[in-house]
Amino acid sequence: MSVNQQAHTGPPYGQPQPGYQGYQQPAYGAQSLPGVPQSQYGAYNGPMPGYQQPVPPQGSLRAAPTSGAPPPTSGASHPSGHLAYSQFEHGDVQNGIPASAAPMQRPPASQPFLPGSAPTPVSQTSTFQQYGPPAASVQQLSNHMAGMTIGSTAASAPPPAGLGYGSFGQVRGPQPNYGGAYPGAPNYGSPPGPPPPPKRLDPDSIPSPIQVIEDDRNNRGSEPFVTGVRGQVPPLVTTNFLVKDQGNASPRYIRCTSYNIPCTSDMAKQSQVPLAAIIKPLATLPPEETLPYLVDHGESGPVRCNRCKAYMCPFMQFIEGGRRFQCCFCSCVTEVPPHYFQHLDHTGKRVDFYDRPELSLGSYEFLATVDYCKNNKFPSPPAFIFMIDVSYNAVKSGLVRLICEELKSLLDYLPREGNMEESAIRVGFVTYNKVLHFYNVKSSLAQPQMMVVSDVADMFVPLLDGFLVNVNESRTVIASLLDQIPEMFADTRETETVFAPVIQAGLEALKAAECAGKLFVFHTSLPIAEAPGKLKNRDDRKLINTDKEKTLFQPQTSFYNNLAKDCVAQGCCVDLFLFPNQYLDVATLGVVPYQTGGSIYKYAYFQLETDQYRFLNDLRRDVQKEVGFDAVMRVRTSTGIRATDFFGAFYMSNTTDVEMAGLDCDKTITVEFKHDDKLSEDSGALLQCALLYTSCAGQRRLRIHNLSLNCCTQLADLYRNCETDTLINYLAKYAYRGVLSSPVKTVRDALINQCAQILACYRKNCASPSSAGQLILPECMKLLPVYLNCVLKSDVLQPGPEVTTDDRAYIRQLVTSMDVAETNVFFYPRLLPLTKADVDSDSLPAAIRNSEERLSKGDIYLLENGLNIFVWVGVSVQQSLIQNLFGVSSFSQISNALSTLPVLENPFSKKVRSVVDMLQGQRSRYMKLIIVKQEDKLEMLFKHFLVEDKSLSGGASYVDFLCHMHKEIRQLLS
């Protein structure tokens, strides 16, 4: 039989499947085959011995059981016209349609997993079913999974012959597009021939992130996501969609790992699916969506439950004609205050339901009363203090001059409340090396005055009046100061810096002014000068892969933890801009920004000509973005679950309150929930996130987000309502915290084990019966293996030789407060073929999978991961394209030093630059542009981001890892 024709793969997703009438799934298959559900993925893993001995099998087609099991899952995600499952090299990986029914000779159970290593060849016969049209090279399918069977002796009984689908247990009649009944019994007696040379499996036959993303866009991108229904799974973060708030918070504010949570803790433990919410309380909304309404209840403040203090929300139940309400979180009954009373309609709803945001919307704000303020008095507007390192490196690199020039214009763009003429934020300036220089820029002065504090061991602020000023009032004095600073320090020879006293100075200034605020610290080197918080160089690559590796991520002194605690108490948030030329201990310097809710930006080996554009873009956005000060967040849940664990950039002094000196629109807080009682399917589960903060105008506010989730007693319902991107976001943060206290290998193994348990539980309890040789994944988790592998291969958990200790500490802190869209592109970068872009349309070219074999040397590609944009140029790219994009006449003339693409007047140049601008606009940081020529030294760095391939640091390819996961799952099941 021919092995090169396309196999039939079942109906496209979205058609009713046998036994699952009306169950909608995204349309996803290549051809339709009446009455037969879609196939699953083809097989996976590296070179395996293949066996080509077709033997006609026999067996009945069986259906999936229909009692509460989820629909058949996982589709072979291959573009129409490719081989549907070509070169299978393992046991039947499909979901039900078997590829093998032969006795399997199995190698010893204890087979180590080494990426790329093949199990020992074992002689065995392999069979495949003769469906009507020949299947695409199914001949090697059965062997590999046999090689992965765990816990069995060398020879074992064959799996049931010919497991498929149909009505349960009975033989089906002839099927359209199939050959007749299967002839004859499997031939078990033929002697095995010599194995042919190993064949590599076709990666097109395993789940593709690109396909899943594309399908979700097509299926869910056109309709608005209306939040009125409990427990709806939102579209993926990669899909552009509008949100209509009708009682639940938008997924831009909260995303959950599952929207249908187990009723009992036993069920949650059994599935091992973590129950977590990724919350971004101040998220930026697109212009077409309405910002949360601000509700003012006057002096009495927001209406709350008497017992648990939950805020009024759409799920509260009004009773006794509207005179009292029953809390949806703790069931306590509270009197409605007289000013808030309203009659109920015939359905029990208040007649002013639609006039009150807190009764009809998932997200809204309350104006806080004085009771919600520190020391029972309303706050002053916050202040920004710019603290500039003027040591030799900072001055010599041109950094000091660059910062001063930029601040002259940037100070006109400080954040302000919607309709205010000017910002209420006051500003101050400090420069430092081994000592600190404070500047008096009072508007009445003709020239700024400088005051030096050289006693860094006992930091104080030498002036009160004139340090923090209004920009418009002191404009000329500030401009004069910013002109003078670069000249004053132009000839400095001071190379040493202090760091902790700089933050102490900012903190003392805010204390004296009795306000919250933000310090913008621009710093270049390890603080080795004699002062509190002095650090030593402790960088040691020899610790990698030892039990002491965790110390590289821990701060080298507890001094900064205590300093961070003082900053949080004052509402002093720290944003740190680092410009290192060598090790400067990000793990320690990052403690204060991290615990105060601030950000760290890092520009290693900063060079004015290549890095200034990126730095200035980051600085502008950082100064202008929405931020709340002196923030406290609490998450309340309905009876049955409670918030038990928190991840992100914040400080906690007790077990419930997340405290942040500052919280900006990019930061997320991740909250994990555990059961403390049973939940009921009828009432579901509720969560309410309440954030108390001071706005940039000094207004004290409460922002409330509510979300209702379904609860289930069937595992199948849990697995049908999970969100893999959110799950990966949580797992990455969990692992990145784990490296602080455990060896990296332990953390990696725990991750693999947890995901294997999640998938094994699905296989055992929800999938239709099938042979152990099959890998069966839940439809909404079919990308869990590929994404998990990306997390395992990331620089924090598996560093390559070029990754520094500082890089790892920086990435670890960065990921901990990323939202789901950011972790999605960070772990599985977006790869776009620029040469395929339509120059006449506004859309991006279709993305391709992250693997070297997808690249053609005649094309140009763009890869972005949220921090970098690589433009990869193949060696055979047409000369005209090179001319149009780079303005040079040949491949060899393209410069690696470009940090922006040249502005050329031709359609291709305009299109590529517009693609780059569009991607930059979607990310919270300005991405560094890196030009990579094929076969160039930078290509190694680029290949590190082709995450489906094997990595130089020892990370498995996607194909190998899928194999390894399957082995782990089988081990758990046996």
Side-chain angles (χ1 to χ4, degrees), residues 249-250 252-255 277-285 291-292 294 363-366 368 372-374 379 381-384 414-417 425 507 510 515-520 564-565 567-576 590-601 621-635 643 646-654 656-671 688-705 729 733 813-820 822 924-925:
S250 159
R252 302 192 205 289
Y253 294 123
I254 307 183
R255 275 187 179 263
I278 317 292
I279 305 174
K280 195 176 183 182
L282 298 179
T284 310
L285 300 183
L291 291 169
L294 182 60
S363 300
Y364 42 88
E365 293 201 312
F366 291 119
Y372 292 87
C373 303
K374 257 189 204 158
F384 282 2
L414 298 177
R416 56 174 189 253
E417 252 5 300
I425 292 173
L507 172 61
L510 294 177
C515 68
K518 186 181 264 200
L519 313 182
F520 295 83
K565 186 174 163 184
C567 286
V568 172
Q570 182 54 41
C572 168
C573 176
V574 179
D575 280 359
L576 181 55
V591 167
V592 176
Y594 186 65
Q595 293 191 10
T596 58
S599 306
I600 306 176
Y601 298 84
R621 188 163 189 279
D622 197 59
V623 167
Q624 295 173 48
K625 67 184 170 188
E626 183 188 355
V627 59
F629 293 94
D630 231 336
V632 183
M633 188 184 98
R634 183 176 280 197
V635 178
F646 302 84
F647 305 81
F650 53 73
Y651 173 77
M652 289 185 86
S653 55
N654 58 35
T656 52
D657 295 335
V658 175
E659 300 173 50
M660 294 155 288
L663 171 69
D664 65 46
C665 54
D666 298 321
K667 295 281 185 304
T668 63
I669 293 98
T670 301
V671 185
Q688 181 179 79
C689 159
L691 175 78
L692 175 64
Y693 71 99
T694 302
S695 75
C696 58
Q699 200 176 50
R700 201 72 176 145
R701 295 182 179 179
L702 284 149
R703 180 168 289 201
I704 313 294
H705 297 298
N729 178 289
K733 290 171 181 176
Q813 293 199 2
L814 203 55
V815 167
T816 307
S817 44
M818 275 186 183
D819 70 12
V820 180
E822 288 172 318
S924 61
R925 290 168 182 247

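Of the N and O atoms on the side chains of Ser599 and Lys667, at least one donor lies less than 3.5 Å from an acceptor on the other residue. Side-chain polar atoms of Thr284 and Glu626 form no donor-acceptor pair below 3.5 angstrom.
Side-chain contact check for Glu659 versus Ser653: some heavy-atom pair is nearer than 4.5 Å. Proximity of Pro593 to Tyr601: side-chain heavy atoms (C-beta onward) are nowhere separated by under 4.5 Å. Side-chain contact between Arg416 and Leu414 is absent, with no heavy atoms from C-beta onward closer than 4.5 Å. Using a 4.5 Å heavy-atom cutoff, the side chains of Cys696 and Glu417 are in contact. Annotation: side chain of Pro281 is in contact with side chain of His705 (closest heavy-atom distance under 4.5 Å). Considering only heavy atoms from C-beta on, Arg703 comes within 4.5 Å of Tyr253 through its side chain. Contact of the Thr596 side chain with the Cys572 side chain is not registered, since no non-hydrogen atoms from C-beta on lie closer than 4.5 Å. You'll find the side chain of Val592 reaches within 4.5 Å of the side chain of Cys567, heavy atoms only.
Judged purely by atom type and a 3.5 angstrom limit, Gln595 has no side-chain atom pairing as donor or acceptor with the backbone of Met660. Judged purely by atom type and a 3.5 angstrom limit, Tyr594 uses its side chain to pair as donor or acceptor with the backbone of Gly648. Arg700 places a side-chain N or O within 3.5 Å of a backbone atom of Tyr372 that can act as its donor or acceptor partner. Judged by distance alone, with hydrogens and angles left aside, the side-chain atoms of Thr668 form a donor-acceptor pair with the main-chain N or O of Ser817 at under 3.5 Å. Side-chain N or O atoms of Asp664 include one that pairs as donor or acceptor with a backbone N or O of Asp666 at under 3.5 Å.
The CG atom of Asp657 sits 4.0 Å away from atom CZ of Arg634, with the distance rounded to the nearest 0.5 Å. Going from atom CG of Leu282 over to atom CG of Leu691 covers 5.5 Å, rounded to the nearest 0.5 Å. Here the straight-line distance linking atom NZ of Lys733 with atom OG1 of Thr670 works out to 3.0 Å at 0.5 Å rounding. Here the CD1 atom belonging to Ile704 is positioned 7.5 Å from the SG atom belonging to Cys689, to the nearest 0.5 angstrom. Within the model, atoms NZ of Lys518 and CG of Asp575 stand 3.5 Å from one another, a figure rounded to the nearest 0.5 Å.
Partners of Glu822 according to the side chain to side chain donor-acceptor pair (under 3.5 Å) rule, which considers only residues two or more places apart in sequence or in another chain, are Ser924.
Of all heavy-atom pairs between Val671 and Met633, the closest is CG2-CE, 4.4 Å. Shown here for Asn729 and Ile278, the closest heavy-atom pair between the two residues is OD1-CD1, 3.1 Å.
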Checking side-chain contact (heavy atoms from CB on, under 4.5 Å) for the pair Asp622/Phe520: CA distance, chi angles, key distance, verdict? CA-CA 9 Å; Asp622 197 59; Phe520 295 83; 3.2 Å; yes
